[in-house]
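Notes follow once the structure below has been shown.
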Amino acid sequence: MAERATVDRVFNAIIEQTAEEVGALLGEPFRLENHQSRLLTKAQLFEVSRSRSVLTTLVISGDASGEGYLITDLKDSIVLGGTLIMLPADQIEENCKQRTFEGEAADAFGEVANIVAGVYTSVFLEMYPQNLHFKRTTVSDFLPSRLDPAAAEPFPPGEYYHSSADMYLGDTALQKLEVIVPAAVLGLASDALPEAEAVTAPSAQGPPPAAAQDEVAAEAVTEASAAQPTQEAVEEPPQEPAEVAAPAEPYVDLKTAERTLKAALNQCGEEIGTMLGIEISLSSLTTGYISKEEYFAKPGAKATCTQMLVSGDSSGISYFLVDLKDAIFFGGSLIMLPTDELEKNIQSGTLEGETADAFGEVANIISGALVQTFDEMYPRKFHLKKGEQQTFTPAKVLPEQPTPFPPGEYFQVCASMDADEQDLGRLCFLVPVDLLHIPPRPAEAGWGQPAVPASRPAAAQDGAGASVAPQPAAEPAAIAAAAEKAVVLVYQQPQQPQLYQQVLQQAGYQVLCYEAGERFSDLRHYQLLGGFLVMEAVDDEGFAALIKVRAELPDKAPLVVAGPQWTRSDVLKAVRYGVHDILVSPASEAEIAEKCAGHLPRP
């Protein structure tokens, strides 16, 4: 039986050799960076955020036998295969848009996977105490969000050694290259984990749930099940047989909804830019529950609202909103209005005639992008079609009126649009909560485990485990009345926040300390000046915490994130998620103080 350290050394060597051999095969520089390895159950594997992916089976033989798997993003697989057969760049890009993974390009990716399998065989034979051979067999694409972690497909439940690394082809950052090998094959199996996975595996009744059920969704499912009437509680007439209530369908977990909405909005920005021949990037993506009254609580510029008619598992209307000036720019650019005429229309707020029709075509493209993303990533059928569009002035909208969208509870995703030659605003997509099949807004705004009373922030701990008392907070009624200013400090490990809290308090800030798993119950009672997040590791779990913290902060409130071993792609990803600055941890007192002074307003 091999030791974990031996296995880690083998996989580190594999990463280096894979980069060399795949690069030589493709004839372009190919890099693998930020290699990480963990022991995970199948359920934990599907908590990792992925869009449509390709699964390659690696049959293992020799002193032990089994099946390992290579997981790559579908678009990356298309790019790697297309690069190998020297497809033109525009053809590769078109194949990525159409999700065309077939024919020569798919066969070519199979050759890339063959190279990876060959590297695994050669390194294991050279460095591993047992003889193991890896052979590539089947290659197929799949939708991670639609898989049941308890099912035998696309691979059986169990415990796996998971190896992942960021891929770079030339200067282009791709997604992760993931390889999983049964822990038992490597002599690393634990008796406890498979049982734990079996206990927590979802019931086979009803449709497969999303890959990562969070606590809110689980509680909601439990409550919904408890609400079903039992046979003893319902008295049926003697002549009629008792009806058995159908089991409540589980909610789509909030993480899946957030990932899908953010991916959908990014896809919209990409499609708009492609259609107009300009490059549009999105920043400061935020998601969250919102009512019509909350949406119009802040002043805004004149805007357009386009109905997106929803069909599928539910039917209704969602809404896509952009500033009026941006709608005029999109429509005018599409019909190639002269620059001076386009600028004149923007200044006068004129969206009519051909320009309005052209913006309608842009909205059609947006609806197509939304449908494509939801089809790939969402576990419920969610189809969209462009409906009517109207122009409105936010200051004149009354919350109780049905226009531009009716009162109610929505879940929104918003982002700022960035383009080199045009000053663009924000775009937002609002969906009624019931159409997404997500849990209703919690009674106390927040997420995670309720660990502390709402009347005070959580206490941090120092490295020795001693409690570090946070800044005292007032009772909820007083907080709501006074709207005290504060900075939120979120951490993943109890020993992490001590120095940050000390520096912030010395600078005069009231600090609200939370562990990443707690509810942000009382943040609504404060005027938040900004936030700090201290990651244990710059990984998927850390970025999930980042997204949650960003969603709780006001749009313009700065967020500084600290973590170890940042890569360039990690930094770019953090910025896309709305981070203003980063720190490499462990950070010094002076470095933390510098970030406070540079980003936070004076207390």
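What you see below is based on every heavy atom in this structure, not just the backbone, and it leaves out hydrogens, waters and symmetry mates.
Listed for the Thr304 side chain is no donor-acceptor partner under 3.5 Å among the backbone atoms of Thr391. Side-chain N or O atoms of Gln492 include one that pairs as donor or acceptor with a backbone N or O of Glu536 at under 3.5 Å. Within the 3.5 Å criterion, the main-chain N or O of Thr403 finds a donor-acceptor partner in the side chain of Lys292. Here the side chain of Lys325 pairs a donor or acceptor atom with the backbone of Asp423 at under 3.5 angstrom. Under a 3.5 Å cut-off, the side chain of Trp566 and the backbone N or O of Leu583 do form a donor-acceptor pair. At least one donor-acceptor pair closer than 3.5 Å links the side chain of Ser348 to the backbone N or O of Asn345. Listed for the Ser315 side chain is no donor-acceptor partner under 3.5 Å among the backbone atoms of Ser311. Here the side chain of Ser367 pairs a donor or acceptor atom with the backbone of Asn364 at under 3.5 angstrom. In this structure, Glu294 contributes its side chain and Ser291 its backbone to a donor-acceptor pair below 3.5 Å. Between the side chain of Thr355 and the backbone N or O of Leu351 there is no donor-acceptor pair closer than 3.5 Å.
Within the 4.5 Å cutoff, side-chain heavy atoms of Leu600 are placed close to those of Leu504. Between Glu484 and Gln510 the shortest side-chain heavy-atom distance falls below 4.5 Å. Counting only heavy atoms from C-beta outward, the side chains of Phe405 and Tyr410 approach each other to under 4.5 Å. At least one side-chain heavy atom of Val397 sits less than 4.5 Å from a side-chain heavy atom of Pro404. Side-chain atoms of Val490 and Phe532, non-hydrogen and from C-beta on, never get closer than 4.5 Å to each other. Side-chain contact check for Arg259 versus Thr287: every heavy-atom pair is 4.5 Å or farther apart. Contact check for Leu512 versus Leu489: no side-chain heavy atoms found under the 4.5 Å cut-off. Using a 4.5 Å heavy-atom threshold, the side chains of Phe320 and Cys428 count as separate.
Within the cation-pi definition used here (under 6.0 Å to the ring centroid, within 45° of the axis), Arg441 does not qualify as a partner of Tyr289.
The pair Lys302-Asp323 does not count as a salt bridge, with every side-chain nitrogen at least 4.0 angstrom from each carboxylate oxygen. The pair Lys176-Asp166 meets the salt-bridge criterion, since a charged nitrogen lies less than 4.0 angstrom from a carboxylate oxygen.
Within the structure, salt bridge (charged side-chain N to carboxylate O under 4.0 Å, His left out) contacts touching residues 587-600 (residues at least two apart or in different chains) are Asp581-Lys595.
Side-chain contact annotation: Ser77 with Thr72, donor-acceptor N/O pair under 3.5 Å present.
Listed here is the closest heavy atom pair of Gly269 and Ile280: O-CB, 3.9 Å.
Exactly one residue among Leu424, Ile366, Ile365 makes a side chain to side chain contact (heavy atoms under 4.5 Å, CB included) with Ile272. That residue is Ile366.
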task = Might you work through the side-chain hydrogen bond (donor to acceptor under 3.5 Å, both in side chains) test for Asp418 and Ser283, ending with a clear yes or no?
result = CA-CA 7 Å; Asp418 303 308; Ser283 61; 2.9 Å; yes

